[in-house]
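Before any comments, here is the structure.
Along the sequence shown, the residues carry numbers beginning at 1. Both counts, for ligands and for their atoms, begin at 1 and track the order of listing.
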Amino acid sequence: MSDSANDEFVSAELGRLRDSIDNIDAAVIHMLAERFKCTQQVGHLKAAHKLPPADPAREARQITRLRELAENAKLDPAFAEKFLNFIIAEVIRHHETIARA
Ligand SMILES: C=C(O[C@@H]1C=C(C(=O)O)C=C[C@H]1O)C(=O)O
């Protein structure tokens, strides 16, 4: 293959893969937005019934489940756990804000 044909192939492949990455990123954002809509409702329910913002037992069950899902999907389970903990920390922050309001 000539250099210029090779450059064209590489740039078409990069474009094709980046189009998929952009679609996946959009799906992740939409799914996260839906998740936060649910967790906001949980926050209001907890505040109305004087329940604590965090539920460590529930979190432990989610982490076990997500690590297993990650392993089956060939995703690093440590990364999956860090990602879930990052999201949960933000949810708990929201719940604390709702409880104070
Ligand atoms: C959403 C909840 O509140 C918190 C946030 C969680 C989450 O984002 O998944 C899980 C447990 C709680 O610490 C819940 O209790 O279900």
Considering only protein heavy atoms, which is closest to [atom], and at what distance to one decimal place?
atom	answer
atom 10 (C) of ligand 1	Q62 OE1, 3.3 Å
atom 3 (O) of ligand 1	K46 NZ, 2.9 Å
atom 12 (C) of ligand 1	D55 N, 3.4 Å
atom 5 (C) of ligand 1	V91 CG1, 3.5 Å
atom 8 (O) of ligand 1	R35 NH1, 2.9 Å
atom 13 (O) of ligand 1	E59 OE2, 2.4 Å

Inset, instruction - Would you sort out whether L66 and F83 count as a side-chain contact (heavy atoms from CB on, under 4.5 Å), showing the intermediate values? - result: CA-CA 10 Å; L66 241 79; F83 182 65; 5.8 Å; no
Legend entry - Region of I87 engaging ligand 1 - heavy atom pairs below 4.0 Å: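 Neither part.
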Inset, instruction - Report the part of C38 in contact with ligand 1, treating N, CA, C, O as backbone and CB onward as side chain, heavy atoms under 4.0 Å; options are side chain, backbone, both, neither. - result: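 Answer for C38: neither.
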Legend entry - D3, CG: over 12 other non-hydrogen atoms inside 6.0 angstrom: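 No, because the 6.0 Å sphere around CG of D3 holds 12 heavy atoms or fewer from other groups.
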Inset, instruction - Mark the output for G43 as yes if a heavy-atom distance to ligand 1 is under 4.0 Å, and as no if none is. - result: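 For ligand 1, residue contact (heavy atoms, under 4.0 Å) with G43 is absent.
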Inset, instruction - May I ask you to say whether E34 pairs ionically with K37, meaning some side-chain N is under 4.0 Å from a carboxylate O? - result: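 Between K37 and E34 there is a salt bridge, with a charged N closer than 4.0 Å to a carboxylate O.
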Inset, instruction - State whether R93 and E96 are salt-bridged, where the test is any N-O pair (Lys NZ or Arg NE/NH1/NH2 against Asp/Glu carboxylate O) under 4.0 Å. - result: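 Looking at E96 together with R93, the answer is no, because their closest N to O distance does not fall below 4.0 Å.
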Legend entry - Heavy-atom side-chain proximity of Q62 to E59 below 4.5 angstrom: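 Answer yes - side chains close enough.
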Legend entry - Side-chain heavy-atom pair I98, K46 within 4.5 angstrom cut-off: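 Counting from C-beta outward, I98 and K46 never come under 4.5 Å.
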Inset, instruction - Identify the heavy atoms of P77 and A70 that sit nearest to each other, and give their distance. - result: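 Smallest interatomic distance, heavy atoms only, reads CA-CB, 3.9 Å.
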Inset, instruction - May I ask you to decide if T39's main-chain N or O and H44's side chain share a donor-acceptor pair within less than 3.5 Å? - result: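 No: the side chain of H44 does not pair with the backbone of T39.
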Legend entry - Atom indices of ligand 1 within 4.0 angstrom of P53 heavy atoms, with elements: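 Checking each atom against P53, I get 3 (O), 4 (C).
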Inset, instruction - Go through ligand 1 atom by atom and flag the ones less than 4.0 Å from a non-hydrogen atom of H95. - result: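 What qualifies from ligand 1 is 1 (C), 2 (C), 3 (O).
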